[in-house]
> 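Below is one structure. I have some questions about it.
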There are 2 protein chains.
Amino acid sequence: MRPTSQREGALRIGELAVRTGVSVRSLRYYEEQGLLSSTRSAGGQRHYAEHDVERVAFVQRLYAAGLSSRTIAELLPCVDSPSDENSDAAMARMAEERERLSAHIDELLRTRDALDDLMATVRAYRDAGQVAV
Amino acid sequence: MRPTSQREGALRIGELAVRTGVSVRSLRYYEEQGLLSSTRSAGGQRHYAEHDVERVAFVQRLYAAGLSSRTIAELLPCVDSPSDENSDAAMARMAEERERLSAHIDELLRTRDALDDLMATVRAYRDAGQVAV
DNA sequence: CTAAAACCTGACATCAATGTGAGAGGCAAG
DNA sequence: CTTGCCTCTCACATTGATGTCAGGTTTTAG
């Protein structure tokens, strides 16, 4: 079934939302933030291309990594045209974010270890019976 | 002897804030959320013990790992008294959060890889000269 | 004793992504 | 043309941790 009579591969916002698991509201927000672009129908409705599914997934990934819209917006031009002159600034930014991300990962690993220790302690108490302290 | 002064090792909220790098406002918030307790002076001012420095650090660590106040509040009793009967529920909660945390770490690792790929791509373009695509 | 510094409570502000709802218009099918 | 669904813009609400301010009290230093 092709619900569209549009050009090949053109997606309406609702379809893109379903395909990416991101709300329609958020897709519009991404556009407002310059993270996603669309063409418009004569009537003003947004049309997306197939590859935007991938782009939205990437944006979501960066969001999940704690990057802000602003930061993501700085990196994306680099994804679109890696040879662009903007890439110097974007590279610096990316290196910076990579560092931040690594540090965060390390912190999370330490936290997981702390949780493991805590769970081990609780298990030890429990398995030893509720006797002596 | 100063009969009216604080007990040995008692910290005022400002001191605890400095020692932990957490704002006074946040320390009060932690107390409101049941993550931190204090004794009060006759005049109503909060006093903390040395070990609260450690506790605040732990709470911060969990916050940084994305746990909510509510979740942290469920885990802490377990830290305080590991043999408590609450520990069954807390253990389940902890296991759950550990899983969530692991999944998140994996996601972040994949994101870091994606950033690395992106940076490599940009470098490749750059090092190859600005040849037309 | 006095004044400064720290603290108290309570309330409102902030940020960022997203939810939600109103009112209006686009678009395909019968 | 009409109907029903999808979409449009605008605008306000939400959440959670924290900032900030106001007006008053406590503690400490001099």
Side-chain angles (χ1 to χ4, degrees), chain A residues 1-7 10-48 52 56-74 76 97 100 104, chain B residues 1-7 10-48 52 56-74 76 97 100 104:
Chain A
M1 328 267 197
R2 351 210 77 234
T4 75
S5 57
Q6 305 159 190
R7 256 203 323 261
L11 295 165
R12 302 181 68 182
I13 196 169
E15 298 171 307
L16 184 58
V18 169
R19 295 273 295 272
T20 59
V22 171
S23 73
V24 166
R25 173 68 173 89
S26 292
L27 292 178
R28 294 201 191 103
Y29 178 74
Y30 294 174
E31 179 168 322
E32 184 187 316
Q33 298 297 306
L35 310 182
L36 182 64
S37 59
S38 61
T39 57
R40 297 297 186 112
S41 74
Q45 302 202 350
R46 293 171 178 83
H47 288 172
Y48 298 95
D52 284 323
V56 171
F58 186 61
V59 167
Q60 280 272 296
R61 179 177 288 281
L62 295 183
Y63 268 129
L67 307 220
S68 68
S69 289
R70 178 147 175 56
T71 303
I72 298 175
E74 292 184 57
L76 283 179
E97 290 304 323
R100 212 190 43 75
H104 191 209
Chain B
M1 301 304 199
R2 349 203 85 252
T4 61
S5 71
Q6 305 159 188
R7 260 203 316 263
L11 294 165
R12 305 182 66 182
I13 196 170
E15 297 170 308
L16 185 57
V18 169
R19 295 273 295 271
T20 59
V22 171
S23 73
V24 167
R25 172 69 174 88
S26 292
L27 292 178
R28 294 201 190 103
Y29 178 73
Y30 296 173
E31 180 168 320
E32 183 187 317
Q33 298 297 307
L35 311 183
L36 181 63
S37 59
S38 60
T39 57
R40 298 296 186 112
S41 73
Q45 303 203 349
R46 292 170 178 85
H47 288 173
Y48 298 96
D52 284 324
V56 170
F58 187 62
V59 167
Q60 280 271 294
R61 180 177 288 281
L62 295 183
Y63 269 129
L67 307 220
S68 67
S69 290
R70 178 149 177 55
T71 303
I72 298 175
E74 291 183 59
L76 283 179
E97 290 303 325
R100 211 189 45 71
H104 191 208

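Computed from a predicted structure; not experimentally measured. Below, chain A is the first sequence line, B the second, and so on; all start at residue 1.
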> Taking N or O atoms only and anything under 3.5 Å, show me the protein contacts with nucleotides 8-12 of chain D, one pair per line.
unit_1	atom_1	unit_2	atom_2	d
D:dC8	OP1	A:Arg46	N	2.9
D:dC8	OP1	A:Arg46	NH1	2.8
D:dC8	OP2	A:Arg28	NE	2.9
D:dC8	OP2	A:Arg28	NH2	2.9
D:dC8	OP2	A:Arg46	NH1	3.3
D:dC8	O5'	A:Arg46	NH1	3.3
D:dT9	OP1	A:Arg40	NH1	3.3
D:dT9	OP1	A:Arg40	NH2	3.3
D:dT9	OP2	A:Arg46	NH1	3.0
D:dT9	OP2	A:Arg46	NH2	2.8

> Donor-acceptor pair, B:Thr71 side chain versus B:Leu67 backbone, under 3.5 Å?
no
> Look at B:Ser69 and D:dG16 and indicate whether a side-chain polar atom (N or O) is within less than 4.0 Å of OP1 or OP2.
no
> How many angstroms lie between atom CD1 of A:Ile72 and atom CG of A:Leu62, to the nearest 0.5 angstrom?
5.0 Å
> When you match A:Tyr30 and A:Ala42 each to their closest nucleotide on DNA chain C, which lands nearer the 5' end?
A:Tyr30
> Does one side chain, of B:Glu31 or B:Ser38, offer a donor that lies under 3.5 Å from an acceptor on the other?
yes
> Enter the inter-axis angle for the ends of the helix from C:dC1-D:dG30 to C:dG30-D:dC1 (five pairs per end, rounded to 10°).
10°
> Hey, is the side chain of A:Tyr29 poking within less than 4.0 Å of OP1 or OP2 on C:dA17, counting only N and O atoms?
yes
> Going through the checks in order, is the side-chain contact (heavy atoms from CB on, under 4.5 Å) test met by B:Phe58 and B:Leu76?
CA-CA 10 Å; B:Phe58 187 62; B:Leu76 283 179; 4.0 Å; yes
> Can you tell me how far P of D:dC6 sits from CG of A:Leu16, to the nearest Å?
16 Å
> State, without any angle test, whether A:Tyr30 and A:Ser69 hold a side-chain donor-acceptor pair at a distance under 3.5 Å.
no
> With a cut-off of less than 4.0 Å, is there a side-chain N or O of A:Ser23 near OP1 or OP2 of C:dG19?
yes
> Hey, can you pull the residues of residues 58-68 of chain A with a non-hydrogen atom under 4.0 angstrom from DNA chain C?
A:Gln60, A:Tyr63, A:Ser68
> What's the CG-C1' distance between B:Leu27 and D:dT18, to the nearest Å?
12 Å
> Show the nearest heavy-atom pair for residues B:Glu15 and B:Ala10, with the distance to one decimal.
OE1-O, 4.2 Å
> Considering all heavy atoms of both residues, which atom of A:Leu27 and which atom of A:Ile13 are nearest to each other, and what is their separation?
CD1-O, 3.6 Å
> List the steps and the verdict of side-chain contact (heavy atoms from CB on, under 4.5 Å) for B:Thr20 and B:Gln60.
CA-CA 9 Å; B:Thr20 59; B:Gln60 280 271 294; over 6 Å; no
> Quick check for you: to the nearest 0.5 Å, what is the distance between A:Leu36 atom CG and A:Gln33 atom CD?
11.5 Å
> Nearest 0.5 Å please: distance from the CD atom of B:Glu97 over to the OG atom of B:Ser68.
7.5 Å
> D:dG16 P sits how many Å from B:Gln33 CD, rounded?
9 Å
> If only side-chain N and O atoms of B:Ser26 are considered, is one of them under 4.0 Å from the OP1 or OP2 phosphate oxygen of D:dA17?
no
> Taking everything shown except B:Arg40 itself, do over 12 heavy atoms lie less than 6.0 Å from its CZ?
yes
> What integer distance in Å separates B:Glu32:CD from D:dA17:P?
10 Å
